[in-house]
Every structure is written in C-alpha cells, then in structure tokens.
Amino acid sequence: MSRAPAVPGAGPTGRRPGRPRTVVTTDPELDDLNSMLRLLLYSNEIDLRGLVYSSSQFHVAGDPERGIAPHRWPAPGERLHIDQAVDAYEQVHPTLLVHDPAYPSPEHLRDLIAWGNVAGVGDMQEDTPGSDLIRAVLLEDAPGPVFLQTWGGPNTIARALRSIQLEFEGTPGWETLHARISRTAVITSFGQQDSTFDDYIRPHWPDIEHREVATQVWGYFARDVVAEEDLELLEPPWMRKNVSRVGAIGRAYRVWGDGLQMADGFDDEDYFGLSGLSADELADRGYRVWAPVQPEGAWISEGDSSNFALLIDNGLRSWEHPGWGGWGGRQGPVEHDPASWSNHTTTDHGPEGTPRPDWSAARWFRPIQHDLAARLQWTVQPTFAAANHPPRVRVREGTDLSCPAGATLALTAEVSDPDGDEVRVRWWQYREAGTSPLAVAVRSDGERCEIDVPAEAEPGTTVHVIAEATDSGAPALTRYQRVVIEVAEASAG
C-alpha cells in the first residue's frame, strides 16, 4: 500500500458544527423524571431551548369542559417532574459551577419550562405556551438543526407545526419557509405515543427527519441487553454509592422501592415504589406486573435519555447523522419513508462478532454510567480537584478526511486530562457506521494509528475510525474522536 497524506474531506453530513439547539417535550412518567435529571447534568453542553410538558397515550391532564378525564397525571398543585428536576438542580448549581462555569442558572432553566398540549391523547386543538415556544424556535433564522425531542407524544410539536402552517401557507414565502423548517427540524422519539406524527406531521411535513430512538438499554428492560459485566451498574450497591445517595439530584432519582408513585390513586401498572413483594404478591394486590421485580434500590428506567444522549459533546458526533451511532444508539433507514430512521432497523455486532440486540446503545453503557456518576460527584464536591473530569482527545489530522483505496493513512491523537490523569487511547473501526462493508486494518501504538484502506474499497464510501480515550480517574471517564474517511479513487501507478 502507498502512504497517503491526511486530506480533509468534504464532510458528508451537511450538518454544521457546534451545539445543536433542542426542545424537550415530556409526560410525567417516572423514567422521564430520571431522564430529566440526567439531562440537566449535561445542560452545560447541550443548547436547551425549551422544556415542555406534553401528554401521551399513558398520561393526560384531562379537560372537564371537554369531558376528558385525567389519566395518570399528578394531582392539581403538585409539582411535576420538570419542576422537580430544576428544584434539585438549583440546590447543587453553585457546586456544579466549580466544575464548569457553563452550567446555566436555575432561573434560566425555569424560563424554558412551558405547558404544552396536555388535555388529552393527541391533543393539538389549540395553541399553548409550549407549542408557541416550539413555534418560535422553529421560526428562528439560525444555522444548524433543531432537535425536537418527544419523550411522550409528539402532539405539542404537531400543534407548533400546524400553527406555522395556518399562518404562512399561501403566502409568498411559504415554500421557502416550509423547506427551511423541513431541513432544520429533527424529531426524535421513543415510540409513537399518540397518532399525531402519522396523522398530521408526516402528511404535511414529509421531509422533516425523524429518528426513532426507542433503545431498550435505557429502559425498564435494560437487564436484557446490557453486557453481563455491566449488570452491576443497574444493581442496588452501585446505584446507592453512585446515584441515589449523592446529593439533591441523586436523591430525586427514582429507584426500586423508594416509596414514590407517579400519580394519586391506585395505578395497577405503578408498583415500582414498593419493595419486599414478589410478583405474585403484587398481583394479589391488584397490580399488573409487566416488568420484572427488582431489589430495593435498583435501577428502574431512564428510557427517554436516548433522545438527548446523541447530542452530548463526547466526540462521537452522533447528532450529525442518524446512521453514525453513539451514546443514544444508532438508527437505520425506514422502508417507505426516506426521511425516517429507526434503531429497530439496524444492528451492531457484539464483541463475539455476531449481531446483538440493542448493542448500538448497550456497547456504550459503562462509559455512560461512569459519566453520570462523575457528574453527580460534581454536584457535591466543592473543589475541582475532588472529582474526576473527562479527558480531551483531538485527532491532529482532522475528523473528515479522504484517502485513496489501497493507501495507508496515519493519524495522531492529541490527548490531555484536566486532572492530570493518565489517558489510555484505543483505536477501532466502527464498521457498522461506515458505508463501506469492508474491514480495514487498524494498527495502533497508543496515540498513533495507521489505517490500511483496502484496494477493493469502493470510491465514495466511508470508513469510521474511533479514537477512544479513557482516563485513570475514579470513575474512569471516556471521550472519543470520530474520524470519517471517505474512500477516494486509487492513485494511478
């Protein structure tokens, strides 16, 4: 093979660099509270533009005037999960600033909270403060995508889009505006928890990108898909030490047997706050045991975190393209809908070399949990030196490169650590993320790496190589740099 210089590539995604804007819509499920608490720990890295209450098929606030009864909704006057999370964040904000001054103020976060369409399942009957907030963000003439996260139903997002359509359709600038919003809006969702995406959004906004991120590893059935060696990260000893007994945010985090419930009154699906009862004993009390009973203090669920995990600035750049993958999993194309992608249509191979369920998300679970544990320490440690912070890694030659088929590309990782920890670098090909089906030879010696691009690689296809940097702190923290290599025509001669 010939030696090829690192040549900057064209950048195949069309996404602009920088922090993408995002709005979260969410219903009062217990896993939404846990996801919200984790989200706020990353509010220093994610450009939050709105935190919006919305309904779903599982949770509605009701509307007596329209004859809609509330369902699994907290009692009037009770603080809901977004407010609960911000209350906990406020208690630890001064300490978080010691570790990163970029954390926003609690007042700023409260300004982002709005009530969306919550009256009924799929309610989009009228404008609400939440839909108005989303509408305003979509109408901003700003660069880069806007990620609209649906932790519940997409109905408040649908109402915002409907409001824009009602105002501007038929005006001279409508087609341009419609195209711009369709180009910049990205909807992520954990399932379709009402029908408004199919009934309104897709028929009227066919080009808006939709990513289905219903990863199992974050949810109630995480134990079915995480690696065997990672099961400890879900069990009571690890959770007590690293999460539920660590500061105000940790104490607010829901775990098995914590005595709490989602709404007033009996709910035959909400038995997670109880402890010391078997599945049969719960059934005798009238509960429908749909998720296996776990010991007191164990992980319950954080199902919606896959929506924002892809936005975390960890070097994997997974927000740039749904097929690239990262902490929020990886998505593949959806048949008959060219603008939709889903984690259900793609599979990663596990360490043993065979396809493994939900591995595109589960492969990252230990680094993700370690990151949570470290950030919770930031909420209680009053000095920077008392906690661990992630390393930094940068590939000197760049992150979007081109290399001829049959050539060898040399890369160098430049690493540092804010705590002075030792940093170990591992290089590997993320084969499923690239468009070339071929394996490439990756030879590395610490921070230096050589990649042999096969002579038979098809020009125009891509190879993804990850520089993975892990520090020696406690807990060990990992950051990455993804390099996307576009295969060029083989050099003549």
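Only heavy atoms go into these numbers, but all of them, side chains included; no hydrogens, no water, no symmetry mates. Computed from a predicted structure; not experimentally measured.
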Judged by modelled atom types alone, do [X] and [Y] share a side-chain donor-acceptor pair under 3.5 Å?
{"X": "Arg330", "Y": "Thr346", "answer": "yes"}
{"X": "Arg223", "Y": "Gln294", "answer": "yes"}
{"X": "Asp348", "Y": "Ser360", "answer": "no"}
{"X": "Tyr287", "Y": "Glu269", "answer": "no"}
{"X": "Ser105", "Y": "Arg110", "answer": "no"}
{"X": "Tyr200", "Y": "Gln165", "answer": "yes"}
{"X": "Asn155", "Y": "Asp123", "answer": "no"}
{"X": "Thr22", "Y": "Gln149", "answer": "yes"}
{"X": "Thr188", "Y": "Asn307", "answer": "yes"}
{"X": "Glu212", "Y": "His344", "answer": "no"}
{"X": "Tyr53", "Y": "Asp83", "answer": "yes"}
{"X": "His389", "Y": "Asp419", "answer": "yes"}
{"X": "Asn388", "Y": "Arg375", "answer": "no"}

N-O pairing of [X] and [Y] below 4.0 Å:
{"X": "Glu302", "Y": "Arg254", "answer": "no"}
{"X": "Asp47", "Y": "Arg21", "answer": "no"}
{"X": "Glu209", "Y": "Arg183", "answer": "no"}
{"X": "Arg19", "Y": "Asp313", "answer": "no"}
{"X": "Arg72", "Y": "Asp267", "answer": "yes"}

Side-chain donor or acceptor of [X] paired with backbone N/O of [Y] under 3.5 Å:
{"X": "Thr150", "Y": "Gly153", "answer": "no"}
{"X": "Ser189", "Y": "Gln192", "answer": "no"}
{"X": "Ser306", "Y": "Val213", "answer": "yes"}
{"X": "Ser182", "Y": "His178", "answer": "yes"}
{"X": "Thr399", "Y": "Val483", "answer": "no"}

Give the C-alpha distance, both sets of side-chain angles, the deciding distance and a yes or no for ring-ring contact (aromatic ring centres under 6.0 Å, His included) between Trp151 and His81.
-> CA-CA 12 Å; Trp151 300 8; His81 61 292; 7.6 Å; no
Requested in this report: Using a cut-off of 6.0 Å, state whether more than 12 heavy atoms not belonging to Arg392 lie near its atom CZ.
Outcome: no
Taken to the nearest 0.5 Å, the spacing of Arg49 CZ from Leu148 CG works out to 12.0 Å
Would you tabulate the side-chain donor-acceptor contacts of residues 475-482 under 3.5 Å, counting partners in other chains and residues two or more places apart, or write 'none'?
{"from": "Thr478", "atom 1": "OG1", "to": "Thr470", "atom 2": "OG1", "distance (Å)": "2.9"}
{"from": "Arg479", "atom 1": "NH1", "to": "Asp371", "atom 2": "OD1", "distance (Å)": "3.0"}
{"from": "Arg479", "atom 1": "NH2", "to": "Asp371", "atom 2": "OD1", "distance (Å)": "3.3"}
{"from": "Arg479", "atom 1": "NH2", "to": "Asp371", "atom 2": "OD2", "distance (Å)": "3.2"}
{"from": "Tyr480", "atom 1": "OH", "to": "Trp327", "atom 2": "NE1", "distance (Å)": "3.3"}
{"from": "Arg482", "atom 1": "NE", "to": "Leu316", "atom 2": "O", "distance (Å)": "2.5"}
{"from": "Arg482", "atom 1": "NH1", "to": "Trp324", "atom 2": "O", "distance (Å)": "3.1"}
{"from": "Arg482", "atom 1": "NH1", "to": "His464", "atom 2": "ND1", "distance (Å)": "3.0"}
{"from": "Arg482", "atom 1": "NH2", "to": "Leu316", "atom 2": "O", "distance (Å)": "3.0"}
{"from": "Arg482", "atom 1": "NH2", "to": "Trp324", "atom 2": "O", "distance (Å)": "3.1"}
{"from": "Arg482", "atom 1": "NH2", "to": "Gly325", "atom 2": "O", "distance (Å)": "2.5"}

**Report entry** Verdict with reasoning, Asn343 to Asp358, per side-chain contact (heavy atoms from CB on, under 4.5 Å)
**Finding:** CA-CA 8 Å; Asn343 63 294; Asp358 211 33; 4.2 Å; yes
What closest approach, in Å, do [X] and [Y] show between heavy atoms, and which atom pair accounts for it?
{"X": "Thr462", "Y": "Thr435", "value": "N-OG1, 2.7 Å"}
{"X": "Asn34", "Y": "Ser301", "value": "ND2-O, 2.9 Å"}
{"X": "Pro292", "Y": "Phe221", "value": "CD-CE2, 3.6 Å"}
{"X": "Ile68", "Y": "Ala119", "value": "CG2-O, 3.3 Å"}
{"X": "Pro104", "Y": "Asn44", "value": "CD-N, 4.2 Å"}
{"X": "Ala222", "Y": "Val217", "value": "CB-O, 3.0 Å"}

For Asp198, the side-chain hydrogen bond (donor to acceptor under 3.5 Å, both in side chains) test, sequence neighbours excluded, returns none
Ser318 meets the side-chain hydrogen bond (donor to acceptor under 3.5 Å, both in side chains) criterion, sequence neighbours left out, with none
Legend entry - Audit row: Ser35, Ser305, side-chain hydrogen bond (donor to acceptor under 3.5 Å, both in side chains) steps and yes/no: CA-CA 5 Å; Ser35 290; Ser305 294; 3.0 Å; yes
Quick one: are [X] and [Y] in side-chain contact, heavy atoms under 4.5 Å?
{"X": "Ile368", "Y": "Trp218", "answer": "yes"}
{"X": "Leu39", "Y": "Ile46", "answer": "yes"}
{"X": "Leu109", "Y": "Leu112", "answer": "yes"}
{"X": "Ile164", "Y": "Trp174", "answer": "yes"}
{"X": "Val23", "Y": "Val52", "answer": "yes"}

Do the ring planes of [X] and [Y] sit parallel (below 30°), tilted (30 to 60°) or perpendicular (above 60°)?
{"X": "Phe365", "Y": "Trp299", "value": "perpendicular"}
{"X": "Trp290", "Y": "Phe272", "value": "perpendicular"}
{"X": "Trp73", "Y": "Trp115", "value": "tilted"}

Geometric cation-pi criterion Arg363 and Tyr430, 6.0 Å radius, 45° cone: yes
If you apply the rule side-chain contact (heavy atoms from CB on, under 4.5 Å), what do you find for Arg245 with Met239, and how did you get there? CA-CA 8 Å; Arg245 294 181 179 175; Met239 292 294 293; over 6 Å; no
*asked:* Walk me through whether Glu175 and Arg180 qualify under side-chain contact (heavy atoms from CB on, under 4.5 Å).
replied: CA-CA 9 Å; Glu175 291 187 5; Arg180 179 173 67 78; over 6 Å; no
query = Between His210 and Phe197, is a ring-ring contact (aromatic ring centres under 6.0 Å, His included) present by the stated rule, with each step listed?
reply = CA-CA 10 Å; His210 170 238; Phe197 181 85; 4.6 Å; yes
(Q) side-chain hydrogen bond (donor to acceptor under 3.5 Å, both in side chains), that's the test. Do Asp32 and Thr26 meet it? Break it down for me. (A) CA-CA 7 Å; Asp32 291 53; Thr26 169; 2.7 Å; yes
| message | For Leu51 and Thr25: C-alpha separation, side-chain torsions, deciding distance, then whether side-chain contact (heavy atoms from CB on, under 4.5 Å) applies. | response | CA-CA 6 Å; Leu51 303 170; Thr25 66; over 6 Å; no
